[in-house]
Amino acid sequence: MDFTASAAQLLNIKADSLILPTGPQLKDSADALDKSLDGAISSLIKAGDFSGNSGETLVMHIPGASGKRIILLGTEGANSQQQQIKVIDAGAAALLKTPSVKAVWVGEGLADDSEWQAGIVARSIQAASYQYAPAPKGIAKTKAQKLKSVTYWAPTRTDLSAAKKGLAYGSAVGNGMNVARQLGNLPANICTPDYLATQAKALAKGQAKFTTSVLSEADMKKLKMGSLLSVSAGSDVPAKMIVMKYQGTKASVKPIVLVGKAVTFDSGGISLKPGNGMDEMKYDMCGGASVIGVFNALIENQLPINVVGIVPATENMPNGHATKPGDVVTSMSGQTIEVLNTDAEGRLILCDALTYAGRFKPDTVIDIATLTGAVIGALGKVTAGLLANDDELAEQLLSSGTRSGDRAWRLPLFEEYDELLKSNFADIANIGGPQAGTITAACFLARFTKKYKWAHLDVAGTAWVSGAAKGSTGRPVPILMDYLRSKAG
Ligand code: BES
Ligand code: MN
Ligand code: ZN
């Protein structure tokens with residue numbers, strides 16, 4: 001998909017679709033367009049065919065210009081960024097339903113910030129173009145779309161460079177989301193730890209700023225990652241620890257480290273999950289997939305920052321070598337862990353990855369994980385759980401969530417919660433009982449992140465949707481990218 005920006009005369013831009021955001025009152029470019037079309041738009045509003053309400057769409061054909069259409073996109077009431085993103089998503093969905101090949105998006109009538117708006121438009125169109133490709137060859141293989149190019153029309157020439165920046169950024173974010181979605185949607189018999197490692201290596205191929213290395217179980221044993229290895233023990237496929245490095249600026253600049261949980265299938269292990277809906281546990285690698293998606297976006301957008309991505313990848317299975325409830329394992333940090341429930345495996349792989357993250361002398365570490373069912377109880381499928389040991393970092397992530405529409409909400413890490421993790425037989429237990437499950441999971445991780453600024457995103461609710469539209473969402477690539485971009489200054 002090509003994205004360009006233009007401030008030329010609207011009807012002079014060659015295209016077969018024009019997306020026109022407008023409320024019931026036509027203003028500026030919408031009004032001018034209506035006049036040049038002898039009132040074709042205003043008559044639809046007058047007749048009640050189009051109300052202009054937020055997110056409503058209506059496809060009309062331009063009288064006398066065969067095959068050319070205007071997609072009216074209602075904006076009335078869309079005052080927050082969240083509402084404006086929803087409007088843009090509705091416009092992108094309507095556009096992709098048409099046979100359009102070349103479209104113009106009118107960057108007027110909705111949001112004032114051209115860079116932000118162009119970014120959301122490009123991201124939304126890329127995301128709307130995603131189609132699951134069952135052939136798992138190559139990374140994020142998506143079916144070719146008819147739509148080839150989109151021109152973002154800016155009302156003034158002075159908006160053009162901001163719009164272009166926004167388009168490049170948003171397109172990279174959208175493609176990054178699609179990479180994450182494709183990996184998430186692939187079944188667990190294809191998307192194994194080794195498959196993820198191969199994809200991450202393929203991504204680095206020929207990239208000057210990007211390298212991927214992969215730790216084997218033997219490497220992890222040498223590093224004394226006894227906690228991670230206690231999860232992979234019950235599976236017949238070997239665990240991998242994928243380490244990606246993107247160097248977009250001087251080597252002396254401390255990296256931001258992203259750690260993504262990639263349990264390619266979570267059966268629960270010996271603490272076996274119930275059968276109903278267990279297929280969805282193929283999505284338990286979405287944290288890791290989002291990190292790979294972010295690296296895809298970093299390569300595309302070439303942000304001037306240093307980022308390390310660590311993806312501990314394993315299955316959680318119950319074979320004869322599996323860890324049993326009550327087993328005590330020793331993590332890379334030296335802390336011993338009593339595994340009271342083998343289904344609380346995410347924290348067991350993350351703790352060793354987080355200890356390993358310390359080796360990169362990080363500026364900040366953010367882990368991303370489909371960690372707890374409890375976060376769905378607390379925040380539903382709408383908002384990611386955010387927990388952090390640093391207030392400034394938490395605030396920055398919250399505003400990245402608002403700006404990107406990929407929102408998070410903070411929960412506390414008070415020490416009273418940490419006390420729930422006491423064990424009689426080890427330094428810490430891997431579960432804290434029935435209450436505050438998202439917080440106790442994060443308290444567990446916090447024991448391993450004392451040496452640096454750290455935030456945790458629990459995306460168990462937001463990384464995929466269930467039901468008829470079952471599929472991976474590509475979240476939290478947008479919030480992560482917004483944060484990284486804000487760090488790029
Ligand atoms: N991957 C799950 C969390 C999960 C559950 C994500 C449901 C999405 C939907 C995680 O490994 C898990 O099983 N967590 C347990 C923890 C419990 C045993 C303390 C949970 O949330 O039930
Ligand atoms: Mn589990
Ligand atoms: Zn899990």
Side-chain angles (χ1 to χ4, degrees), residues 184 188 191 193 196 227-228 230-235 239 259-290 311-318 322-327 337-353 367-385 387 411 417-418 420-423 428-445 456-467 470-473 475-476:
C191 187
L196 287 175
S227 184
L228 192 160
S230 79
V231 176
S232 62
S235 164
V259 178
K261 170 183 174 183
V263 173
T264 58
F265 189 75
D266 181 10
S267 72
I270 296 296
S271 312
L272 196 64
K273 284 184 182 294
N276 212 351
M278 208 206 265
D279 66 287
E280 294 195 6
M281 282 302 124
K282 72 173 182 178
Y283 289 116
D284 209 19
M285 35 58 71
C286 281
S290 75
V311 178
T314 180
E315 287 181 342
N316 184 25
M317 295 290 280
T323 298
K324 302 164 290 298
D327 285 1
I337 303 164
E338 186 185 13
V339 181
L340 289 174
N341 189 321
T342 64
D343 196 13
E345 84 298 339
R347 61 199 80 181
L348 295 176
I349 69 170
L350 288 170
C351 69
D352 281 343
D367 80 74
I368 305 102
T370 50
L371 203 62
T372 63
V375 82
I376 309 174
L379 299 168
K381 304 285 284 179
V382 178
T383 311
L387 299 100
L411 296 168
Y417 295 109
D418 178 82
L420 299 171
L421 293 169
K422 276 190 183 146
S423 161
I428 185 171
N430 83 325
I431 55 168
Q435 296 174 354
T438 302
I439 298 176
T440 53
C443 285
F444 180 96
L445 300 177
H456 160 65
L457 287 170
D458 192 333
V459 295
T462 59
W464 77 90
V465 290
S466 313
K470 192 193 289 181
S472 176
T473 59
R475 292 176 70 180

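Counting starts at 1 for both ligands and their atoms, in listed order. Numbers for residues simply follow the sequence, beginning at 1. Side chains included, hydrogens not; waters and symmetry mates left out as well; all remaining heavy atoms used.
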Considering only heavy atoms from C-beta outward, does the side chain of [X] approach that of [Y] to under 4.5 Å?
X      : Y      : answer
Asp352 : Pro312 : no
Leu445 : Leu371 : yes
Lys261 : Thr370 : yes
Asn341 : Pro325 : no
Ser423 : Ile428 : no
Lys470 : Tyr283 : yes

**OP:** Pull out every atom of ligand 1 sitting under 4.0 Å from any heavy atom of Lys273, numbered as shown with elements.
**Re:** 12 (C), 13 (O)

Original post:
By number and element, which atoms of ligand 1 are closer than 4.0 Å to a non-hydrogen atom of Ile431?
Top reply: 19 (C)

Of all the N, O or S atoms in [X], which one sits nearest to the Zn ion (ligand 3)?
X      : answer
Asp266 : OD2
Glu345 : OE2
Asp284 : OD2

Considering only heavy atoms, does [X] approach ligand 1 within less than 4.0 Å through its side chain, its backbone, both, or neither?
X      : value
Asp343 : both
Trp464 : side chain
Leu371 : backbone

Could an N or O of ligand 1 be found under 3.5 Å from any N or O of [X], whether backbone or side chain?
X      : result
Arg347 : no
Asp266 : yes
Gly373 : yes

**OP:** Looking only at protein heavy atoms, identify the closest one to atom 18 (C) of ligand 1 and say how far it is in Å.
**Re:** Asn341 ND2, 3.5 Å

Subject >> Closest protein heavy atom to atom 6 (C) of ligand 1, given as residue, atom name and distance to 0.1 Å >> reply: Ala460 CB, 3.5 Å

Subject >> Closest heavy-atom pair and its distance - Ala374, Thr438 >> reply: C-OG1, 3.4 Å

Subject >> Closest non-hydrogen atom pair, Glu280 against Ser466 >> reply: OE1-OG, 3.0 Å

**OP:** Give a yes or no answer on whether the side chain of Lys381 reaches the backbone of Gly461 with a donor-acceptor pair at less than 3.5 Å.
**Re:** yes

**OP:** Output the distance between atom CD1 (Ile368) and atom CG (Asp458), rounded to the nearest 0.5 Å.
**Re:** 11.5 Å

Subject >> Distance (rounded to the nearest 0.5 Å) between Phe444 CZ and Ile337 CD1 >> reply: 3.5 Å

Original post:
Which one of Lys261, Glu280, Glu345, Met281 has a non-hydrogen atom at the shortest distance from atom 7 (C) of ligand 1?
Top reply: Met281

**OP:** Output, in order, the C-alpha distance, side-chain angles, deciding distance and verdict of side chain to side chain contact (heavy atoms under 4.5 Å, CB included) for Met281 and Asn316.
**Re:** CA-CA 10 Å; Met281 282 302 124; Asn316 184 25; over 6 Å; no

Original post:
Any protein heavy atom lying closer than 4.0 Å to atom 1 (N) of ligand 1?
Top reply: yes

Original post:
Closest to the Mn ion (ligand 2), which N/O/S atom of Glu345 is it?
Top reply: OE1

Original post:
Can you tell me if Asp266 has an N, O or S atom under 2.8 Å away from the Mn ion (ligand 2)?
Top reply: yes

Original post:
Any N/O/S atom, backbone or side chain, of Asp343 lying under 2.8 Å from the Zn ion (ligand 3)?
Top reply: no

**OP:** Please determine if the Zn ion (ligand 3) has an N/O/S atom from Gly346 lying under 2.8 Å away.
**Re:** no

